[in-house]
Participant: 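Please see the structure below; I have some questions.
Side-chain atoms are counted along with the backbone in the values below, which use heavy atoms only and exclude waters and symmetry mates.
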Amino acid sequence: DQPRSRGLGDVYKRQILTWHGLQGWLLLGPTANLLVETEFRTSSMTKRIRSKYRPRTGITTAFVAVMILAGCATDDPQYVERPVEELYNEAIDAVEVDQFNVAADLFLEVERQHPYSIWATKAQLMSAYSYYSDGQYDDAILASDRFIQLHPGNRDIAYAYYLKSLSYYAQITDVGRDQRNTEQALFSLDEILRRFPDSTYARDARLKLDLTRDHLAGKEIEVGRYYHERKNYLAAINRYKIVIEEYQTTTHVPEALHRLSEAYSALGIEPEARSSAAVLGHNFPGSEWYVDSYELVEGAENLDLDGDGLP
């Protein structure tokens with residue numbers, strides 16, 4: 001049986017994958033802030049199954065009615081086997097009206113009742129997508145991991161890794177809170193670039209990886225400031241050095257160099273303070289942090305604004 005095409009509406013479309021010769025698409029949403037959400041639907045997975053199945057009447061109808069009445073007499077739901085096309089199509093209908101929680105349960109039921117169907121494999125990944133779309137990120141991660149473990153050679157394995165990284169990325173919190181999910185997002189995004197450097201997802205993963213690194217650098221600056229304000233300069237210096245050494249390409253490096261110069265000056269270690277200010281001036285001569293650092297170690301009258309080594 002071949003699936004029947006379903007419309008996807010007016011969306012931005014980019015071809016990303018093929019399932020059993022069927023074309024798929026990535027829907028890209030707005031990227032307004034750090035927690036950018038990339039929505040995903042595929043025409044192959046959002047196609048209904050064309051079925052020869054026709055519901056029977058008579059004995060079958062009576063049997064179903066008896067099962068429903070029997071189910072009403074107990075608190076536990078009764079198991080009723082349904083054709084794969086009926087379950088999968090109903091799940092797709094739920095996806096199309098954004099009832100993702102319902103869709104996830106139906107996709108899981110496809111796999112449970114028809115584990116050897118090709119649609120069961122698709123349903124596994126669609127359940128992960130449904131959890132992600134419903135904001136159930138932990139369940140999306142578990143479902144993605146399960147797909148990765150069961151189908152490591154699947155042609156759509158890259159998307160499973162990508163969906164897993166998105167689920168961690170969506171849980172990034174502000175720098176004042178625990179950054180465990182940010183670290184997991186960093187690892188997952190980096191894994192996409194290592195495993196699938198030429199995939200469609202690599203570009204978006206690289207962008208999100210840079211933002212994630214910047215976020216982690218911001219966390220180190222935040223902790224460094226905490227120690228700095230309490231005059232625990234050695235602890236603050238260690239945090240600033242982490243930013244400079246491990247997050248060199250982030251936007252927090254100029255501040256880290258300036259704070260490093262401040263901390264060394266507070267400890268009376270002037271050569272190190274001057275060295276940090278010099279590095280800041282050489283790499284970021286127009287930065288406001290450079291102005292503050294140079295005034296700190298040399299005085300305003302000797303300020304070198306253009307970084308040419310002359311006042």
Side-chain angles (χ1 to χ4, degrees), residues 29-40 100-101 104 124-125 127-150 152 157-197 199 201-230 232 234-256 259-260:
T31 56
N33 50 46
L34 176 63
L35 301 182
V36 179
E37 290 190 4
T38 303
E39 298 181 84
F40 170 78
F100 298 111
N101 192 38
Q124 288 175 12
L125 195 52
S127 66
Y129 166 70
S130 298
Y131 283 132
Y132 168 77
S133 300
D134 197 45
Q136 300 183 55
Y137 300 120
D138 290 339
D139 288 332
I141 291 167
L142 291 174
S144 299
D145 273 334
R146 184 165 176 270
F147 183 88
I148 291 168
Q149 293 170 4
L150 292 176
I157 192 67
Y159 178 70
Y161 278 97
Y162 180 62
L163 186 57
K164 176 182 175 181
S165 69
L166 287 184
S167 298
Y168 281 122
Y169 187 81
Q171 297 182 81
I172 292 178
T173 56
D174 63 82
V175 295
R177 304 178 66 180
D178 181 73
Q179 296 301 304
R180 188 173 308 170
N181 284 324
T182 311
E183 293 170 354
Q184 291 285 356
L186 182 73
F187 177 82
S188 299
L189 291 165
D190 186 63
E191 190 170 29
I192 292 172
L193 296 179
R194 286 187 288 105
R195 289 177 178 268
F196 315 103
S199 70
Y201 315 109
R203 181 179 178 181
D204 188 55
R206 191 172 289 108
L207 172 63
K208 286 181 169 59
L209 189 63
D210 289 341
L211 294 172
T212 302
R213 286 198 181 103
D214 201 83
H215 198 76
L216 288 173
K219 175 65 176 181
E220 297 298 335
I221 286 287
E222 182 80 6
V223 176
R225 290 198 205 106
Y226 173 85
Y227 288 129
H228 203 137
E229 291 170 0
R230 286 155 181 78
N232 189 347
L234 290 178
I237 287 170
N238 288 334
R239 293 292 180 164
Y240 301 144
K241 283 184 174 180
I242 290 176
V243 176
I244 296 167
E245 294 170 2
E246 298 184 15
Y247 303 105
Q248 297 179 8
T249 60
T250 67
T251 60
H252 297 282
V253 172
E255 182 181 356
R259 300 297 182 192
L260 202 58

Participant: List in chain and number order the residues that pass salt bridge (charged side-chain N to carboxylate O under 4.0 Å, His left out) with Glu183, two or more places apart in sequence or in another chain; answer none if no residue qualifies.
Facilitator: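 So Glu183 forms no salt bridge (charged side-chain N to carboxylate O under 4.0 Å, His left out) with any residue.
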Participant: Yes or no on side-chain hydrogen bond (donor to acceptor under 3.5 Å, both in side chains) for Asn101 and Tyr131, after CA distance, side-chain angles and deciding distance?
Facilitator: CA-CA 7 Å; Asn101 192 38; Tyr131 283 132; over 6 Å; no
Participant: Can you find a pair of side-chain heavy atoms, one from Asp204 and one from Lys208, that are under 4.5 Å apart?
Facilitator: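 Yes; the side chains approach each other to less than 4.5 Å.
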Participant: What verdict does the side chain to side chain contact (heavy atoms under 4.5 Å, CB included) test give for Arg194 and Asp190, after you've listed the backbone C-alpha separation in whole Å, the side-chain angles of each residue and the deciding distance to 0.1 Å?
Facilitator: CA-CA 6 Å; Arg194 286 187 288 105; Asp190 186 63; 3.1 Å; yes
Participant: side-chain contact (heavy atoms from CB on, under 4.5 Å) with Ser188: which residues, sequence neighbours excluded?
Facilitator: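 So Ser188 forms a side-chain contact (heavy atoms from CB on, under 4.5 Å) with Lys164, Ser165, Tyr168.
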Participant: Starting at CZ of Phe100, measure out to OG of Ser133 and round the result to the nearest 0.5 Å.
Facilitator: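 Between atom CZ of Phe100 and atom OG of Ser133 there are 4.0 Å.
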Participant: How many angstroms lie between atom OH of Tyr159 and atom OG of Ser199, to the nearest 0.5 angstrom?
Facilitator: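 Going from the OH atom of Tyr159 to the OG atom of Ser199 covers 12.5 Å.
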Participant: Do Arg195 and Ile157 have side chains that approach each other closer than 4.5 Å (heavy atoms only, starting at C-beta)?
Facilitator: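 Arg195 does not reach Ile157 side chain to side chain.
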Participant: Once rounded to the nearest 0.5 Å, what's the spacing between atom CD1 of Ile221 and atom CZ of Arg259?
Facilitator: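 Interatomic distance, Ile221 CD1 to Arg259 CZ, rounded to 0.5 Å: 7.5 Å.
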Participant: Could you tell me whether the side chain of Gln136 reaches within less than 4.5 Å of the side chain of Ile141, counting heavy atoms only?
Facilitator: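 Counting from C-beta outward, Ile141 and Gln136 never come under 4.5 Å.
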Participant: Can you list every salt bridge (charged side-chain N to carboxylate O under 4.0 Å, His left out) pair that touches residues 236-248, not counting sequence neighbours?
Facilitator: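 Residue pairs with at least one partner in residues 236-248: Glu220-Arg239.
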Participant: Minimum heavy-atom separation for Gln171 to Ser167, with atom names?
Facilitator: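 That would be NE2-O, 3.0 Å.
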Participant: Decide yes or no on side chain to side chain contact (heavy atoms under 4.5 Å, CB included) for Asp178 and Thr173, but give the supporting numbers first.
Facilitator: CA-CA 8 Å; Asp178 181 73; Thr173 56; 6.0 Å; no
Participant: Is Val223 close to Lys219 at the side-chain level, that is, under 4.5 Å between some pair of heavy atoms?
Facilitator: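 Yes - at least one pair of side-chain heavy atoms lies under 4.5 Å apart.
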Participant: Does the side chain of Leu163 come within less than 4.5 Å of Phe147's, by heavy atoms?
Facilitator: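 Side-chain contact under 4.5 Å: no.
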Participant: Using every non-hydrogen atom in the two residues, find where Val243 and Ala217 come nearest and quote the distance to one decimal.
Facilitator: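 Smallest heavy-atom distance, with atoms named: CG2-O, 3.7 Å.
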Participant: Report the residues that fulfil ring pair (Phe, Tyr, Trp, His ring centres under 6.0 Å) with Tyr247, sequence neighbours left out, ordered by chain and then residue number.
Facilitator: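 Result, ring pair (Phe, Tyr, Trp, His ring centres under 6.0 Å) vs Tyr247: none returned.
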Participant: Got a donor-acceptor contact below 3.5 angstrom from the Asp139 side chain to the Ala128 backbone?
Facilitator: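 No, the answer is negative, given that no donor and acceptor are paired below the 3.5 Å cut-off.
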Participant: With rounding to the nearest 0.5 Å, note down the distance linking CG in Leu216 to CD1 in Ile172.
Facilitator: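 CD1 of Ile172 is found 7.5 Å from CG of Leu216.
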Participant: For the ring pair Tyr201 and Phe196, is the centre-to-centre distance below 6.0 Å?
Facilitator: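 Distance test on ring centres: not under 6.0 Å, no.
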Participant: Run the side chain to side chain contact (heavy atoms under 4.5 Å, CB included) check on Leu211 and His215 step by step: do they pass?
Facilitator: CA-CA 6 Å; Leu211 294 172; His215 198 76; over 6 Å; no
Participant: Do Thr212 and Leu189 make a side-chain contact, defined as non-hydrogen atoms from C-beta onward lying under 4.5 Å apart?
Facilitator: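 Contact flag for Thr212/Leu189 side chains = yes.
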Participant: Take Leu207 and Asp210 through the side chain to side chain contact (heavy atoms under 4.5 Å, CB included) test and state the conclusion after the steps.
Facilitator: CA-CA 5 Å; Leu207 172 63; Asp210 289 341; 5.6 Å; no
Participant: How many angstroms lie between atom OH of Tyr161 and atom CG of Leu166, to the nearest 0.5 angstrom?
Facilitator: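 That separation rounds to 15.0 Å.
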Participant: To the nearest 0.5 Å, what is the distance between OH on Tyr132 and CG on Asp138?
Facilitator: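 Nearest 0.5 Å value for the OH-CG distance: 14.0 Å.
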Participant: Could you list all the side-chain hydrogen bond (donor to acceptor under 3.5 Å, both in side chains) pairs where at least one residue sits in residues 221-230, not counting sequence neighbours?
Facilitator: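 The answer is Glu222-Arg225, Arg225-Glu255, His228-Tyr240.
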Participant: Can you list the residues that meet the salt bridge (charged side-chain N to carboxylate O under 4.0 Å, His left out) rule with Arg177, with sequence neighbours excluded?
Facilitator: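 With neighbours one apart ignored, the set is empty.
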